[in-house]
Amino acid sequence: MTEFGCRTAELESVFERVAGRFGRAELRWRMRDYVRGLLGQAARKNGRQLAEWAGHRTPDGFQRLLNSSVWDADALRDDVRAYVGESLGPDGVLIIDDTGFIKKGTTSAGVGRQYTGTSGKIDNRQIGVFAAYATSSGRALVDRELHLPKAWTTDRERCRAAKIPNERAFATKGELARDIVRRCLAAGRSRGGPSIMSCTLSAAFRLQCEATCRQREAIEDRRDPDRSA
């Protein structure tokens with residue numbers, strides 16, 4: 001089998017693995033086309049160009065998949081994390097970092113004038129905290145959290161309009177990173193035996209991480225006093 005054929009077969013096995021997270025066949029096929037588009041050769045990865053690449057007449061189906069269809073994103077994340085662990089093997093490292101995405105307008109969840117090291121300046125953007133797992137066999141993203149500034153978490157009407165759950169409270173990027181690490185460790189323990197997240201964090205390391213995050217966020221606050229307003 002050619003390399004392309006192997007990759008296609010592997011991707012199909014992943015689709016089969018997560019298909020049960022989508023309650024209707026229509027959603028499963030839409031998810032399949034969307035992921036293929038993200039991995040494909042579309043010049044830009046927006047809804048319209050992904051739909052064209054997949055042979056859809058309009059991007060409406062992809063927009064419904066992402067905005068109004070019912071499926072459990074966290075359960076899907078857990079499936080992906082387990083797949084990555086099985087595929088890349090143990091004895092890897094968990095890499096945590098935040099990334100900013102420039103946005104227009106004020107309605108996208110968590111958007112606001114924020115500093116990010118991605119561009120090295122303050123801009124209107126969303127910021128996410130991401131975790132990647134890496135071994136000598138490869139690397140892949142395994143978890144994510146969206147950072148919500150206090151301007152969002154103190155405005156529940158704005159949160160509801162953006163479909164942010166009522167229970168979502170303010171958390172610093174360092175706290176989001178800590179939660180991601182804890183989830184990864186818990187996933188490793190629940191499966192028993194060696195796993196991708198079978199490492200432990202020393203108390204000293206945790207304190208160092210938290211202190212570094214506090215220092216970093218204090219610097220960002222000085223750069224943009226309105227960031228946490």
Side-chain angles (χ1 to χ4, degrees), residues 1-84 86-87 98-112 118 124-133 138-148 152 156-168 176 180 183:
M1 183 180 291
T2 65
E3 181 180 356
F4 176 79
C6 290
R7 289 181 178 179
T8 299
E10 182 68 15
L11 188 57
E12 288 298 327
S13 74
V14 176
F15 289 146
E16 292 176 7
R17 181 172 188 147
V18 303
R21 301 299 183 186
F22 301 86
R24 303 197 314 272
E26 176 190 8
L27 288 181
R28 291 192 287 273
W29 282 105
R30 206 167 279 160
M31 174 274 295
R32 184 177 182 274
D33 286 349
Y34 185 75
V35 172
R36 283 188 174 280
L38 291 175
L39 298 175
Q41 301 300 315
R44 298 183 61 191
K45 307 298 184 181
N46 57 39
R48 184 166 299 279
Q49 291 204 19
L50 290 177
E52 291 177 356
W53 189 91
H56 298 198
R57 290 186 298 175
T58 71
D60 295 352
F62 285 164
Q63 290 171 353
R64 285 194 296 272
L65 172 70
L66 300 177
N67 297 327
S68 59
S69 299
V70 178
W71 50 280
D72 191 334
D74 288 343
L76 186 61
R77 171 206 62 202
D78 295 345
D79 290 342
V80 171
R81 183 178 56 215
Y83 167 75
V84 169
E86 294 168 11
S87 300
D98 61 271
T99 300
F101 305 92
I102 294 177
K103 302 288 288 188
K104 295 180 179 179
T106 60
T107 58
S108 297
V111 72
T118 305
N124 196 57
R125 64 184 67 239
Q126 293 170 302
I127 292 181
V129 179
F130 297 88
Y133 179 67
R139 62 191 182 276
L141 291 174
V142 293
D143 208 339
R144 79 289 176 260
E145 284 287 356
L146 176 67
H147 173 65
L148 295 179
W152 274 84
R156 302 320 301 181
E157 287 297 326
R158 190 182 187 190
C159 286
R160 279 190 284 272
K163 299 182 180 179
I164 297 170
N166 286 331
E167 61 272 17
R168 179 68 188 273
L176 296 176
I180 288 174
R183 277 200 298 267

Worksheet item: Hey, what do you get for CZ (Arg32) to CG (Leu11), rounding to the nearest 0.5 Å?
Response: 7.5 Å
Worksheet entry | Test item: Phe15 and Val35 side chains (from C-beta on) under 4.5 Å apart, heavy atoms | yes
Worksheet item: Taking atom CH2 of Trp53 as the centre, does the number of heavy atoms from other residues, nucleotides or ligands within less than 6.0 Å exceed 12?
Response: yes
Fill in: Any donor-acceptor pair under 3.5 Å from Gln126 side chain to Ala109 backbone
yes
Practice prompt. Answer yes when Arg36 and Glu12 have at least one side-chain N-carboxylate O distance shorter than 4.0 Å, and no when they do not.
Written response: yes
Worksheet entry | Backbone of Gly128 reached by a side-chain donor or acceptor of Thr99 within 3.5 Å | no
Worksheet item: Considering the options Arg144, Arg21, Arg183, which one meets the salt bridge (Lys or Arg N to Asp or Glu O under 4.0 Å) requirement together with Asp74?
Response: Arg144
Fill in: Side-chain touch Leu50/Leu38, heavy atoms, less than 4.5 angstrom
yes
Discussion item. Let me confirm one number: the CG-CZ distance from Leu76 to Arg81, rounded to the nearest 0.5 Å.
Written reply: 11.5 Å
Fill in: Donor-acceptor contact below 3.5 Å, side chain Asp33 vs main chain Ala54
no
Discussion item. When you measure from the side chain of Lys163 to the backbone of Asn67, do you find a donor-acceptor pair of N or O atoms at a distance under 3.5 Å?
Written reply: yes
Worksheet item: Would you say Arg139 has more than 12 foreign heavy atoms packed within less than 6.0 Å of its CZ?
Response: no
Worksheet item: With no hydrogens and no angle check, is any side-chain donor or acceptor of Gln49 less than 3.5 Å from a backbone partner on Arg44?
Response: yes
Worksheet entry | Phe22 and Trp71 aromatic ring geometry - parallel, tilted or perpendicular at 30°/60° bounds | tilted
Worksheet entry | Interatomic spacing from CZ in Arg30 to CD in Gln63 - rounded to 0.5 Å | 10.5 Å
Fill in: Residue pair Ser69 / Leu27: nearest heavy atoms and the distance that separates them
OG-CD2, 3.2 Å
Practice prompt. Mind telling me whether His56 and Phe62 have parallel, tilted or perpendicular rings, with 30° and 60° as the class edges?
Written response: tilted
Worksheet item: Counting only N and O atoms by type, is there a donor-acceptor contact under 3.5 Å from the side chain of Lys103 to the main-chain atoms of Gly110?
Response: no
Worksheet item: Taking atom CD of Glu10 and atom OG1 of Thr8, what is their separation to the nearest 0.5 Å?
Response: 10.5 Å
Item to complete: For residues Leu141 and Val80, report the shortest heavy-atom separation together with the two atoms involved.
Response: O-CG1, 4.1 Å
Worksheet entry | Test item: Asn124 and Ile102 side chains (from C-beta on) under 4.5 Å apart, heavy atoms | no
Worksheet entry | Nearest non-hydrogen partners of Ala162 and Trp152, listed with the distance | CB-CZ3, 3.7 Å
Item to complete: Please check if any side-chain donor atom of His147 sits under 3.5 Å from a side-chain acceptor atom of Asp98, or the reverse.
Response: no
Worksheet entry | Side-chain heavy atoms of Val18 within contact of Met31, under 4.5 Å | yes
Worksheet item: Counting N and O atoms only, with roles assigned by atom type, does the side chain of Arg158 sit under 3.5 Å from a partner on the main chain of Thr106, one being a donor and the other an acceptor?
Response: yes
Worksheet item: Atom CZ in Arg77, atom CD1 in Ile180: separation rounded to 0.5 Å?
Response: 8.5 Å
Worksheet entry | Rounded distance (nearest 0.5 Å) linking atom CD1 of Ile164 with atom CG of Leu148 | 4.5 Å
